[in-house]
Amino acid sequence: MDFLVLGPLAVHDRQGVELTPTPPKVREVLALLLLRNQTLVLTSELVDEIWPDSPPVSALSTLQTYIYKLRNMLSEGYGERSTVLRTRPHGYMLAVPQESIDSFHFERLTTAGNAALADGDLGAAADLLSQALSLWRGPALADVTGGNLLSAYGTALEEGRLRALELRIDVDLRLGRHRKAVSELKRLVNDHPLQEVFHTQLMLALHRSGRRPEALDVYQRLRNLLVEELGVEPSSRAQSMHQAVLSSASSLEVRAPEGTITISVPDRLEEESAPPPAQLPPDVLDFTPRADLEQVVNGLLKPRNGTAPAVSISGMTGVGKTVLAVHAAHLLRQDFPDGQLFARLRGSTGDPADPADILADFLHAAGLAEDRIPTGMEGRVAAFRTWVATRKVLIVLDDAATAAQIQPLLPGCPPSGTIITGRAGLNGLVGAAHVRLDLPTEDDCVELLQNIIGRPLADGERQAAEVIAQLCGRLPLAIRAVGARVSSTGWSLKKLAERLIVSGRRLDELVFADLDVRDRLQESYEQLGEEERRFLRLLSLLPGPVFTAHGVANLLESDSDSVDKLLLQLVENHFLRVLLQNVDEIVYTIHELVRFFAQEQVEQELGYREQERLNGPFELP
């Protein structure tokens, strides 16, 4: 089995099957046992870590349940009689091979890199340190919320990562790879503004790249930050670098290591040595399998008509388009070994991303120096498609606005592939496999709710979970908000179901932190034209959620063509759904939560007088 802690916690068997525990507290126990592998972890330490404030009376029995779940998980990789998780007096000890944990390999490679550097072998040092850093998939234990011990271990791992990064960049600068280092150092300075060493290295890289004014500006911004935030001056090392850049000191020039021969290498070859981009967001650990997943995976693995494979995922707000796309992308990572690119296109907002800016980010990730990225759209498209033409890269474009926004970001030919998500407007993508994401089944919703709260449903909870699924309209975003509230507050599912039943404004209950059904519907609603918004408000006042174009036209005393046009636009934007289609006419339905939202808009936007007018005969705007 492989255990990954350098990023989100993950467990895989040697065939790549995901075995990561879903319940958050089980992951905390596993993380602490892994970080103390082959060392006793006291029961008291585990209890304090899981329940730092006030352990429940049942803490020991609950901990034993978590250990039991971990033993079941480990048996899938090591066999039912495995003793890798051992019970000891006053605690437990995990005894998996050290080489099965990614942090062990990180330490081994960084140690070897330091040794190579001490021996003067800069090339080997750079390669070993790059291998070590490539093991990182995000912040250490990114999805594990622990107490003091796990926080301390996570901090130590992150500090080791920064030291290795600092050392590898130092080696790159000594090898004359300053142009390649500039863009990476700019990101590091932005992400770690108080790490002076990255500012100093950026000053050197910029100076060697012929960008001396920018190097001096880096120092000035560092000094302003330190004086304003901490009331201190930059370190002597940073000040010395500043003086050396001011005087263009010869000590800043690239110096070949003694006994070596330097060869001038064009920037193009430096770009080819850049590590593959790995931009995917963390996978969702509580993902509930859906039939649509197979459609997405097959669409990427089976290109059609010799074109670069592409799959578009569309669906109503909150149905899980991004979750499905990211999960599928993680499953496909091994099939796209040259990297994964990810971009949020902000199509559901009023400020969609500029494709030219996305292309610049992609070219940065590909290793192209900032000063070599073309300024115009056409040049960037050509540069990106040239780079991707000989590689197998997976591109994920999330929340697209229109097909026109996506087109410049697509590879020109196989073998690279693209996953696109969007609320609407994706049918114009020629050659793409289109997946229209529907609402999950009630059983899927119950399973999702169970995964989110992190435990099996107790006796009698199944019925409450089914009621919650129905009252959430089987919308995954709503179920996630409810599940997060249950996990946070400790409420019973029965209590939450009762609140949803009696609430006069159900959308008030479907919010937790940044999971807010009303806000997400509002974003999509604002993208509609005024005529479509008004029509949606009128539909929400119909006697029921099911209707036909002919029936609506009669109620509104309007012609069928106008009604048909507006209904189709709302279907395309996933505010309505086609329930039944026969030869004579189409039967439409409006989602229950969309209906509640639109009725709120009637109250807020039309006001009392407009409401009175709507109580009379309907009129189509």
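A distance-only check finds a donor-acceptor pair linking the side chain of Glu49 to the backbone of Leu149 [under 3.5 Å]. The backbone N or O of Val511 sits nowhere less than 3.5 Å from a side-chain atom of Asp516 that would complete a donor-acceptor pair. No donor-acceptor pair under 3.5 Å is formed between the side chain of Glu45 and the backbone N or O of Val41. The main-chain N or O of Glu166 is never found under 3.5 Å from a side-chain atom of Asp170 such that the two would form a donor-acceptor pair. For the pair Asp13 (side chain) and Val17 (backbone), a donor-acceptor distance under 3.5 Å is present. Side-chain atoms of Arg27 come within 3.5 Å of backbone N or O of Asp143 as a donor-acceptor pair. At distances below 3.5 Å, at least one donor-acceptor pair connects side-chain atoms of Thr421 with backbone N or O atoms of Asp399. Not a single donor-acceptor pair under 3.5 Å links the side chain of Ser416 to the backbone N or O of Leu394. Between the Ser488 side chain and the Arg485 main chain, no donor and acceptor come within less than 3.5 Å of each other. In this structure a side-chain-to-backbone donor-acceptor pair under 3.5 Å is missing from Arg174 to Ile169.
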message = With salt bridge (charged side-chain N to carboxylate O under 4.0 Å, His left out) as the criterion, how do Asp217 and Arg221 come out once you've worked through the C-alpha distance, each side chain's angles and the decisive distance to 0.1 Å?
response = CA-CA 6 Å; Asp217 182 60; Arg221 284 187 280 114; 2.9 Å; yes
query = Going through the distances and angles, do Glu28 and Val144 end up as a side-chain contact (heavy atoms from CB on, under 4.5 Å)?
reply = CA-CA 6 Å; Glu28 289 179 37; Val144 177; 3.8 Å; yes
message = Apply side-chain hydrogen bond (donor to acceptor under 3.5 Å, both in side chains) to residues Gln243 and Gln239 and explain how you reach the verdict.
response = CA-CA 6 Å; Gln243 291 299 321; Gln239 292 184 38; over 6 Å; no
request  = Go through the steps to decide whether Arg187 and His364 satisfy the test side-chain contact (heavy atoms from CB on, under 4.5 Å), and finish with yes or no.
outcome  = CA-CA 11 Å; Arg187 290 193 292 272; His364 270 305; 4.0 Å; yes
task = Could you give me the CA-CA distance, side-chain angles and deciding distance for Phe198 and Leu162, then say whether side-chain contact (heavy atoms from CB on, under 4.5 Å) is met?
result = CA-CA 10 Å; Phe198 293 138; Leu162 289 177; 4.0 Å; yes
request  = Go through the steps for Arg108 and Glu99 under the test salt bridge (charged side-chain N to carboxylate O under 4.0 Å, His left out), then give the verdict.
outcome  = CA-CA 10 Å; Arg108 176 181 59 81; Glu99 58 269 22; over 6 Å; no
request  = Please lay out, stage by stage, how His12 and Leu4 fare under the test side-chain contact (heavy atoms from CB on, under 4.5 Å).
outcome  = CA-CA 9 Å; His12 303 133; Leu4 310 179; 3.8 Å; yes
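In this structure, Met241 and Tyr219 have side chains that are not in contact, with every pair of non-hydrogen atoms separated by 4.5 Å or more. At least one side-chain heavy atom of Leu226 sits under 4.5 Å from a side-chain heavy atom of Leu194. Pro352 is not listed as a side-chain neighbour of Leu345, based on a closest heavy-atom distance of 4.5 Å or more. Taking 4.5 Å as the limit, some side-chain heavy atom of Glu158 sits within range of a side-chain heavy atom of Pro139. Here the side chains of Leu70 and Val29 are in contact, with some heavy-atom distance below 4.5 Å. Using a 4.5 Å heavy-atom threshold, the side chains of Leu157 and Ser103 count as touching. Between Met1 and Met73 there is a side-chain heavy-atom pair separated by less than 4.5 Å. Side chains of Val393 and Leu341 form a contact here, defined as non-hydrogen atoms less than 4.5 Å apart.
The shortest non-hydrogen separation linking Leu477 to Arg520 is CD2-CG, 3.6 Å. What you find for Gly417 and Phe336 is that their closest heavy atoms are N-CE2, 3.6 Å. Contact detail for Pro411 and Arg385: the closest heavy-atom pair is C-NE, 4.3 Å. The shortest non-hydrogen separation linking Pro415 to Ala389 is CD-O, 4.0 Å. Residues Pro355 and Leu409 come closest through the heavy atom pair O-CD2, 3.7 Å. Residues Ile420 and Ala310 approach most closely at CD1-CB, 4.3 Å, considering heavy atoms.
Of the inter-residue distances, the one linking Leu117 atom CG with Thr110 atom OG1 reads 12.5 Å to the nearest 0.5 angstrom. Rounding to the nearest 0.5 Å gives a distance of 8.5 Å between CH2 of Trp387 and CG of Leu363. The CG atom of Leu141 sits 10.5 Å away from the OG1 atom of Thr155 when rounded to the nearest 0.5 Å. Between Lys25 atom NZ and Leu30 atom CG the span is 15.0 Å, to the nearest 0.5 Å. Put simply, NE2 on His207 and CG on Leu202 are 13.0 Å apart, with the number rounded to the nearest 0.5 Å. Note: Leu185 CG to Leu206 CG = 8.0 Å, rounded to the nearest 0.5 Å.
Here side-chain hydrogen bond (donor to acceptor under 3.5 Å, both in side chains) pairs that include residues 115-133, with residues two or more places apart or in two chains, are Asp127-Gln131.
Inspection of the Asp2 and Ser100 side chains reveals no N or O donor paired with an N or O acceptor under 3.5 Å. A side-chain donor from one of Thr322 and Asp398 sits under 3.5 Å from a side-chain acceptor of the other.
The local environment of CG in Asn148 is sparse, with at most 12 non-hydrogen atoms from other residues, nucleotides or ligands closer than 6.0 Å.
A salt bridge links Glu233 to Arg223: at least one charged side-chain nitrogen sits closer than 4.0 Å to a carboxylate oxygen. Salt-bridge formation is detected for the pair Lys186/Glu214: a Lys NZ or Arg NE/NH1/NH2 atom is positioned less than 4.0 Å from an Asp or Glu carboxylate oxygen. Taking the charged nitrogens against the carboxylate oxygens, Asp338 and Arg391 have no contact shorter than 4.0 Å, which rules out a salt bridge.
Using the six-membered ring where Trp is involved, Phe106 and Trp136 have ring planes that are perpendicular, over 60° apart on the 30 and 60° scheme. Using bins of under 30°, 30° to 60° and over 60° for the plane-to-plane angle, the ring pair Phe362/Phe384 lands in the tilted bin.
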